[in-house]
Q: 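The structure's right below; bear with me while I get my questions together.
In what follows, chains are A, B, ... by sequence order, proteins preceding strands, each numbered from 1. Just so it is clear, the values below take in all heavy atoms, side chains as well, and ignore hydrogens, waters and symmetry mates.
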2 protein chains.
Amino acid sequence: MSNLLPVLDVSSSATAVAEPCCTPLTRAPLAVEDAERAAGMFKALGDPVRLRLFSNVASADGGETCVCDIQDVGVSQPTVSHHLKKLREAGLLESERRGTWVYYRVAPGVLAVMAALLTPDA
Amino acid sequence: MSNLLPVLDVSSSATAVAEPCCTPLTRAPLAVEDAERAAGMFKALGDPVRLRLFSNVASADGGETCVCDIQDVGVSQPTVSHHLKKLREAGLLESERRGTWVYYRVAPGVLAVMAALLTPDA
DNA sequence: GGTTTGATTCGACGGCTGTCGATGTCCTGA
DNA sequence: TCAGGACATCGACAGCCGTCGAATCAAACC
């Protein structure tokens, strides 16, 4: 239940190599293990409510936002929390408590990784 | 049950406008309707088997491949067929029967649409 | 300390989904 | 016409998932 989705070398924030993290889907058949990880990320975005929550965070000024500012997505507040947890577990979001409120931001590198995976051939 | 996921203006193969089809997730909060469509696509890629099938098609020489050449993904033949149907319904794949075999290819524009959605800010 | 507000966790429930074997359909070749 | 291969559909079943209200936790404010 821990250490889900290392998201390939997104963890290489230290070495900071500019090399593309992962082979595009279109380049070669995805290995079983890579498919497992990548599918986890896509799955996390595969729910309309979750996708809107993610978009709300991703488009927030300053790169982060309070839960209280994005929870108007048509479901109950516990459900919002549940979805945010899923996004966190998938490695797409990070959260931090500051005083009364909890702030969410997009995990660094995640967008680039997913975009790279979907890079068309041409 | 029909006309699922028009995938925004991917259907504009006639006009062929080079304009970006959709606003990135990071640009502004996704509208409810857009989230519904986009989530459908991500959801389709949210299964490891389906993602591998998609990758197999996307990375095939000539841009298309026979089902018989990609069905070795560890599940039964009916299950492969089921997943390919899901990918078709999500607008990600197209299929065509030629004689005995059925060929699949990535629906035009789909990769660009999804990659654009995930375009990072920076 | 007690109360209020913000957020997560818990337990439950209905519906969806991935999987399979069996069957059906379409095409080819003998 | 019939046999056989390629692929899709059907029916069933177990497990997962999204949702909710209730309960809990955490911080702040009186």
Q: With respect to the side chain of A:Gln71, which nucleotide from C:dA7, D:dA22, D:dA6 is positioned closest?
A: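 Nearest to the side chain of A:Gln71 among the choices is C:dA7.
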
Q: For B:Ala116, does its backbone N or O pair with a side-chain atom of B:Thr119 as donor and acceptor, under 3.5 Å?
A: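 Looks like yes, one N/O pair under 3.5 Å.
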
Q: Return no unless some side-chain N or O of A:His82 is found under 4.0 Å from OP1 or OP2 of D:dC17.
A: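 Result: no.
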
Q: Please determine, for the side chain of A:Ser81, which listed nucleotide (C:dC16, D:dT19, C:dT9) has the closest atom?
A: C:dT9

Q: Output yes when at least one side-chain N/O atom of B:Arg88 is less than 4.0 Å from OP1 or OP2 of D:dA8, else no.
A: yes

Q: Nearest to the A:Lys86 side chain among C:dA7, D:dA8, D:dG18, which nucleotide is it?
A: D:dG18

Q: Locate the shortest heavy-atom distance separating A:Leu53 from A:Leu87; write the atom from each residue and the value.
A: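 In this case the closest contact between A:Leu53 and A:Leu87 is CB-CD1, 4.3 Å.
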
Q: Please give, in whole Å, the distance from D:dC7 P to B:Tyr103 OH?
A: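 Roughly 9 Å, once rounded to whole Å.
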
Q: Please report the shortest heavy-atom distance between B:Pro48 and A:Ala35, naming the atom on each side.
A: O-CB, 4.0 Å

Q: Donor-acceptor pair, B:Arg97 side chain versus B:Gly99 backbone, under 3.5 Å?
A: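 Yes: the side chain of B:Arg97 pairs with the backbone of B:Gly99.
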
Q: Any side-chain N or O of B:His83 less than 4.0 Å from the OP1 or OP2 oxygen of C:dT19?
A: yes

Q: About how many Å separate CG of A:Leu118 and CZ of A:Phe42, when rounded to the nearest 0.5 Å?
A: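 Here the interatomic distance stands at 4.0 Å.
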
Q: Give the nucleotide from the list D:dA28, D:dC7, C:dT19 with an atom nearest to the side chain of A:Thr100.
A: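 Selected nucleotide (nearest to the side chain): D:dA28.
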
Q: Would you say B:Tyr104 places a side-chain N or O within less than 4.0 Å of OP1 or OP2 belonging to D:dA6?
A: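 No, no such contact exists.
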
Q: Closer than 4.0 Å, any side-chain N/O of B:Lys43 to the OP1 or OP2 of C:dC16?
A: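 So the side-chain polar atoms of B:Lys43 never come under 4.0 Å of the phosphate oxygens OP1 or OP2 of C:dC16.
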
Q: By nearest nucleotide on DNA chain D, pick out whichever of A:Arg98 and A:Val75 is the more 5' one.
A: A:Val75

Q: Under 3.5 Å, is there any donor-acceptor pair linking the side chain of B:Gln77 to the base of D:dA6?
A: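 Absent.
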
Q: Would you tell me if any nitrogen or oxygen in the side chain of A:Lys85 comes within less than 4.0 Å of OP1 or OP2 on C:dT8?
A: no

Q: Between B:Ser55 and A:Leu25 (side chain of the first, backbone of the second, donor and acceptor by atom type, cut-off under 3.5 Å), is there such a pair?
A: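 Side chain of B:Ser55 to backbone of A:Leu25, a donor-acceptor pair under 3.5 Å: yes, one is there.
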
Q: Just call it for A:Thr79: base, sugar-phosphate, or nothing, with non-hydrogen atoms closer than 4.0 Å on any strand.
A: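 It contacts base atoms.
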
Q: Which of the following nucleotides, C:dT8, D:dA6, D:dT19, is nearest to the side chain of A:Val102?
A: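 Closest of the options to the side chain of A:Val102: C:dT8.
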
Q: Measure the distance from CG on A:Leu84 to C1' on D:dT19 and round it to the nearest whole Å.
A: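 Nearest whole value for this atom pair: 15 Å.
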
Q: If I compare all heavy atoms of A:His83 with all of A:Val49, which pair ends up nearest, and what's the gap?
A: CD2-CG1, 3.6 Å

Q: Is a salt bridge present between B:Arg98 and B:Glu64, judged by a nitrogen-to-oxygen distance below 4.0 Å?
A: yes

Q: Rounding to a whole Å, what distance do you find between A:Asp72:CG and C:dG6:P?
A: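 Going from CG in A:Asp72 over to P in C:dG6 covers 14 Å.
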
Q: Grab the CZ-C1' distance between B:Arg97 and C:dC26 for me, whole Å please.
A: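 Answer to the nearest Å: 5 Å.
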
Q: In whole Å, I'd like the distance from the CD atom of B:Glu96 to the P atom of C:dC27.
A: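 Checked: the CD to P distance equals 13 Å.
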
Q: May I ask you to list the residues of residues 47-67 of chain B, by number, that have any heavy atom positioned under 4.0 Å from an atom of DNA chain D?
A: B:Cys66, B:Val67

Q: Can you tell me the distance, in whole Å, between the CH2 atom of B:Trp101 and the P atom of C:dT28?
A: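 Rounded to whole Å, this separation is 9 Å.
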
